[in-house]
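The first residue in the sequence is number 1, and the count goes up from there.
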Amino acid sequence: MTSNTRVVVIGAGLAGVRLARRLGELGVPAVLVSEEAHTPYNRVLLADVLAGRYTPEVIALPAPAEITRGRVTGIDRAAREVYCADGSVIAYDTLVLATGSNPVLPALRGLFDPQRHELPDGVHAFRTMDDCLGLSKAVRPGVKAVVIGGGLLGVSAARALARRDAQVVLAQQGERLMERQLDPSASKLVRRHLTDLGVEVHTESRVRGVRCAGGAVRSVEMADGYALDADILVLACGVRPRVSLAVRAGLAVHKGVLVDDELRTSDPRIRAIGDCTQHDGQVYGLATPALEQADVLAELLAAERGAGAGADAAARYTGTRALTRLTLAGGDFFDLAAFGEPDPRPGDDVVQLADATRGTYRKVVVRDDRLVGGVLVGELGTVGALARAWEGAEPLPLGRAPLLHLLTNDGGS
């Protein structure tokens, strides 16, 4: 494979691995560069590894046989080369950035050791396999764990730690858990589920600082002056696109690396997919858009090279209507899904079904005879039918009977 035909993919997460595999199937070999020492894995399932439900091997991705290990430090666009920290140089014809995202580390007093410029012992982000394995090693029954962040990641981490018999406190600055995805009623059920597991949940609670002794975390200081004892602190404050490599290369970047419908950056020789991208003003940070982008780009690159019989040169990425799903499995199985706009506007129709005894909740929002959003907690038998109705954006039949049918009929999921 010569440099004038070579596709180099930086990043071996869901997007990068999917692209490399699809290119291989279409007859276009690709060089996949990964800075992690681990076999590529499904990051979505890290909480299940932390909870002890899966081993790391179970969440491994079916990756290409050959992966180049190394941390890319720079891109020479004129020479079409990437430079690695070990001094190696990789030539490319087309470069694909699939660099993912970085965890957001909050500006807390005492969080960083000024001498070592590292997180104190016991403080963990929760983004990589190393983060997960470090947490797993630290967790033991009775250990005091504080999770900062009540979004999807924070809820998953708190639940996993509770399953390992840790004493867990979750601190969320917003007024409710998973407020980006869920309405107040659904959020209340998530809170009840965590509380039933023994998690102490604090909403509208801002963390001010971290107190350490001997280089290790000892407590977390709240804005109201209250202190939470902590042997472990988990930072689950969200993620942001990993764009430093693109910025240094002079590519157009806003929140993420800007790409068009053909996943091209401002340099036509460089494409980008996955969490690091911003398409049509949208940064997704979810698995489904990353996989769809990888599939589109594989078709385009194969067609450009005359490879892959039937490769679609007209393939375009026009956005994803993404559904958020969280499965908290185990003896106390809990499942939820959210899509579109769960909070209605004035004039919208809303249909809700709630069962307080069983802890289930279903809600859909209809605007101008179209399904625009929904939330399901506890039982997801209808999620398939609802998702199809939402993704299709077709007018619904008049009346509430069809909506009630969608909410109660579990066929087709």
More than 12 foreign heavy atoms under 6.0 Å from CG of Asp368: is that the case here? no
May I ask you to test the Asp267-Ile75 pair for a side-chain heavy-atom distance under 4.5 Å? no
Given side chains that start at C-beta, do those of Ile59 and Asp48 come closer than 4.5 Å, heavy atoms only? no
Is it true that a side-chain atom of Arg6 and a backbone atom of Ala91 form a donor plus acceptor pair closer than 3.5 Å? yes
Would Ser185 and Asp183 count as having a side-chain donor-acceptor pair, cut-off 3.5 Å? no
Under a 3.5 Å cutoff, is there a donor and acceptor pairing between the side chains of Glu292 and Tyr317? no
Would you tell me whether Glu36 and Tyr41 have side-chain atoms, one donor and one acceptor, within less than 3.5 Å of each other? yes
Please determine whether salt bridge (Lys or Arg N to Asp or Glu O under 4.0 Å) holds for the pair Arg69 and Glu35, giving the CA-CA distance in whole Å, both sets of side-chain angles, and the decisive distance to 0.1 Å. CA-CA 6 Å; Arg69 304 290 179 180; Glu35 71 176 38; over 6 Å; no
Run Arg127 and Asp131 through salt bridge (Lys or Arg N to Asp or Glu O under 4.0 Å) and show every step you take. CA-CA 6 Å; Arg127 184 64 183 163; Asp131 295 333; over 6 Å; no
Asp275 and Arg242 ion-paired at < 4.0 Å: no
Side chains of Thr94 and Arg305 only: does a donor on one sit below 3.5 Å from an acceptor on the other? yes
What donor-acceptor contacts under 3.5 angstrom involve side-chain atoms of residues 7-15, with partners at least two apart or in another chain?
none

So do the side chains of Val257 and Pro241 get within less than 4.5 Å of each other, counting heavy atoms only? no
Residue Arg77 excluded, over 12 heavy atoms near CZ under 6.0 Å: yes
Measure from the side-chain N and O atoms of Ser205 to the backbone N and O of Ala171, and report whether any donor-acceptor pair falls under 3.5 Å. no
Whether the side chain of Arg18 engages the backbone of Asp295 through a donor-acceptor N/O pair (distance < 3.5 Å, no angle test) should be reported. no
Side chain Thr203, main chain Gly174, donor-acceptor under 3.5 Å: no
Is there a donor-acceptor pair under 3.5 Å between the side chain of Ser187 and the backbone N or O of Met178? no
Excluding sequence neighbours, so at least two apart, what forms side chain to side chain donor-acceptor pair (under 3.5 Å) with Arg206? none
Between the side chain of Ser266 and the main-chain N/O of Ala252, is any donor-acceptor distance below 3.5 Å? yes
Counting only N and O atoms by type, is there a donor-acceptor contact under 3.5 Å from the side chain of Arg176 to the main-chain atoms of Leu182? yes
Any donor-acceptor N/O pair, Ser136 side chain to Cys132 backbone, under 3.5 Å: yes
